[in-house]
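These notes concern the structure reproduced below.
Lettering follows sequence order; numbering is per chain, from 1. Side chains are part of it too, since the values below use all heavy atoms of this structure and drop only hydrogens, waters and symmetry mates.
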Number of protein chains: 2
Amino acid sequence: MESILIIEDEIDIAKLVGFNFERNGYSVDIAHDGREGLEKILKNQPDLVILDLMLPEIDGYKILKKMQRDTRSHSIPVIMLTAKSQIDDRLKGLELGADDYITKPFSPKELILRAQAILKRNRVTPVAEDFLLGPFRFDKNALTFFVHDQPLPLSLIEFKLFLFLCQRAGQSQDRNHLLKVVWGYSDEIHSRTLDTHMKRLRKKLGKVGSFIETIRGIGYRVRQPE
Amino acid sequence: MESILIIEDEIDIAKLVGFNFERNGYSVDIAHDGREGLEKILKNQPDLVILDLMLPEIDGYKILKKMQRDTRSHSIPVIMLTAKSQIDDRLKGLELGADDYITKPFSPKELILRAQAILKRNRVTPVAEDFLLGPFRFDKNALTFFVHDQPLPLSLIEFKLFLFLCQRAGQSQDRNHLLKVVWGYSDEIHSRTLDTHMKRLRKKLGKVGSFIETIRGIGYRVRQPE
DNA sequence: GAAATGTGTGACAAAAGCGTCACGCATTGA
DNA sequence: TCAATGCGTGACGCTTTTGTCACACATTTC
């Protein structure tokens with residue numbers, strides 16, 4: 001999710017804008033003065049900054065300048081918020097490095113649109129932190145499991161167990177070892193617990209359950225897909 | 001601990017090599033002929049096989065071939081041991097699927113080094129994909145959560161929810177958005193579900209639950225630790 | 001082919017997880 | 001200060017998850 005930092009001292013405006021961005025699926029943070037704004041920029045590295053020109057402590061121009069100089073912030077896009085009377089040629093030319101500006105009063109809708117345009121322009125394909133194996137996909141952030149890109153709900157233990165096996169596909173995993181890793185048991189066999197879970201996994205997986213191989217006398221293995 | 005199977009009929013060599021591996025922290029098993037070797041491979045599934053080319057019963061090539069064919073062994077790496085006069089055959093060995101070879105006489109040290117290189121290459125140990133934030137640690141592979149390195153069991157939803165918040169520490173997250181992301185709801189508020197989960201999270205977290213901040217009118221935020 | 005060993009399965013009960021509600025408290029804004 | 005709004009909390013009941021058992025079935029061993 002893309003994050004927006006709004007630097008705006010007028011609380012109502014900040015809230016209004018923030019609310020609208022959030023409703024559009026952005027994560028929003030607000031700073032109420034220049035100092036706080038700059039801190040949050042460097043610390044959180046938002047994907048876009050909405051920056052009011054007139055601010056207490058440090059004004060918008062100064063923030064822009066400082067952002068340019070710091071490698072941590074110089075590539076973060078900025079939309080300036082200005083009153084009509086504040087528009088000057090520098091701003092118009094966007095010489096200072098802002099990516100766009102919008103004059104108060106403005107419609108939140110327009111602001112969102114401009115923001116989206118800029119974000120789209122700057123977007124880098126995010127690295128998906130998914131573990132892939134054959135027809136399986138584990139989204140480790142959303143803790144969601146997919147078979148052929150169809151989500152399949154797994155319980156916590158099932159997810160742990162199967163992820164562990166899939167990450168070691170082709171290698172058989174010892175029963176005790178599985179118990180130790182997934183359950184945290186240090187001792188020996190607990191009845192037929194592991195078998196039962198494997199059964200449930202296989203059942204949920206349906207056809208592709210055949211990827212799970214039983215290694216008699218050892219434990220289980222997920223077959224390495226071709 | 002990684003396990004090595006040495007298949008070598010010359011007892012002195014086998015012992016020497018075994019001793020050296022053991023001294024380097026490996027668990028070692030020895031087979032003195034091809035038949036025994038193959039059995040042990042299939043039964044114990046060592047992490048690496050040191051295989052002499054010239055063996056009674058079944059020679060090294062045959063063993064390699066058989067290993068390839070059996071899914072239980074085809075992914076186990078092999079280092080071939082050959083006499084100088086047999087070097088010409090090395091290509092044959094590598095073609096058959098050996099991962100490396102070393103000629104007699106060899107230094108145990110070199111053998112260990114080669115073995116380590118191969119084991120490292122084959123090791124599936126997934127990169128520790130832990131997400132760290134202040135006192136918190138999320139092991140995304142083991143799906144285990146830690147506070148100050150003490151494991152704290154979280155339910156699936158709790159893990160999702162808190163991970164999501166922590167990954168966006170410092171940014172407030174909209175209530176509806178959280179519901180959408182964590183629960184998959186597309187619609188609006190469901191009673192006080194989210195609050196209840198936040199309550200449970202805070203309770204489980206104890207003192208460090210204070211990292212969770214309520215942003216009135218918006219949602220929640222995890223405080224960015226210093 | 002019979003005994004021994006190991007794995008699969010259905011059923012069951014206990015525990016944990018979960019969503020919802022009613023209500024109290026806190027904050028906000030007039 | 002009062003009303004309105006939003007959040008926190010304890011309690012309740014419903015599901016899902018889990019571990020265990022008895023026993024069926026499969027494979028190996030002798």
Side-chain angles (χ1 to χ4, degrees), chain A residues 10-12 14-16 18-19 22 143-145 152-162 165 172-180 182-185 187-206 209-221, chain B residues 39-40 42-45 70 72 143-145 151-162 165 172-180 182-185 187-206 209-221:
Chain A
E10 293 174 60
I11 298 192
D12 290 340
K15 274 196 176 168
L16 174 70
F19 173 70
E22 272 171 354
L143 294 194
T144 316
F145 171 72
L152 178 65
L154 296 184
S155 81
L156 192 60
I157 284 192
E158 286 161 359
F159 194 99
K160 280 190 188 188
L161 183 59
F162 197 45
L165 283 168
S172 65
Q173 300 300 318
D174 181 67
R175 298 175 70 93
N176 289 327
H177 195 239
L178 285 171
L179 282 169
K180 205 183 302 175
V182 177
W183 278 265
Y185 296 161
D187 23 44
E188 297 298 298
I189 297 180
H190 275 240
S191 161
R192 311 228 54 69
T193 300
L194 178 57
D195 307 69
T196 302
H197 279 280
M198 296 309 296
K199 181 194 63 173
R200 288 168 183 160
L201 245 176
R202 283 168 164 155
K203 191 176 176 188
K204 276 197 184 177
L205 290 174
S210 60
F211 271 85
I212 301 176
E213 299 172 324
T214 303
I215 314 298
R216 185 185 168 87
I218 307 279
Y220 295 90
R221 177 176 58 194
Chain B
E39 275 167 15
K40 288 196 170 174
L42 296 179
K43 195 167 175 184
N44 306 332
Q45 307 224 43
D70 196 312
R72 284 171 295 175
L143 293 196
T144 315
F145 171 72
L152 178 65
L154 296 185
S155 80
L156 197 58
I157 283 192
E158 286 161 359
F159 194 96
K160 278 191 191 187
L161 182 58
F162 197 45
L165 283 169
S172 65
Q173 301 300 319
D174 175 60
R175 297 175 70 91
N176 289 328
H177 199 243
L178 285 170
L179 282 169
K180 206 183 303 177
V182 177
W183 278 265
Y185 295 161
D187 23 43
E188 297 297 299
I189 297 179
H190 275 241
S191 162
R192 311 229 55 68
T193 300
L194 178 57
D195 306 68
T196 301
H197 279 280
M198 297 309 297
K199 183 194 61 173
R200 288 168 182 160
L201 245 176
R202 282 168 164 153
K203 191 176 177 188
K204 275 196 185 177
L205 291 175
S210 60
F211 270 85
I212 301 176
E213 299 172 324
T214 304
I215 314 297
R216 188 186 166 86
I218 307 280
Y220 295 90
R221 179 175 56 193

Rounded to whole Å, the NZ-P distance (B/Lys204 to C/dA16) equals 10 Å

Starting from P on D/dG6, measure out to CG on B/Leu194 and report it in whole angstrom.
-> 14 Å

What is the distance from CG of B/Leu154 to P of C/dC18, rounded to the nearest Å?
-> 10 Å

Protein-nucleotide distance (A/Phe162, atom CZ; D/dT17, atom C1'), rounded to Å | 19 Å

Taking atom C1' of C/dT28 as reference, at what distance in whole Å does atom CG of A/Asp12 sit?
-> 12 Å

Per-nt protein contacts along nucleotides 5-12 of chain C (heavy atom under 4.0 Å; B base, S backbone sugar-phosphate only, - none) come out as BSBBBBB-

In short, A/Arg202 meets A/Glu213 closest at the heavy-atom pair NH2-C, 3.9 Å

Measure the shortest side-chain to side-chain distance between B/Phe159 and A/Leu156 over non-hydrogen atoms and say whether it is less than 4.5 angstrom.
-> no

Answer whether the closest heavy-atom distance between the side chains of A/Leu161 and A/Met198 falls below 4.5 Å.
-> yes

Assert: residue with more 5' nearest nucleotide on DNA chain C, out of A/Lys15 and B/Ile157, is B/Ile157

Report, as yes or no, whether the 6.0 Å neighbourhood of atom NZ on A/Lys204 holds more than 12 heavy atoms from other residues, nucleotides or ligands.
-> yes

Separation of atom NE2 in B/His197 from atom C1' in D/dC7, rounded to whole Å = 16 Å

Mind calculating the distance between CZ (B/Phe159) and C1' (C/dG17) to the nearest angstrom?
-> 16 Å

Is B/Leu143 close to B/Leu154 at the side-chain level, that is, under 4.5 Å between some pair of heavy atoms?
-> no

Short side-chain N/O contact to C/dC18 OP1/OP2 from B/Ser155, under 4.0 Å | yes

Side chains of A/Leu165 and A/Phe211: does their closest heavy-atom pair fall under 4.5 Å?
-> no

How close or far is atom P of C/dG19 from atom CG of B/Leu161, stated in whole angstroms?
-> 11 Å

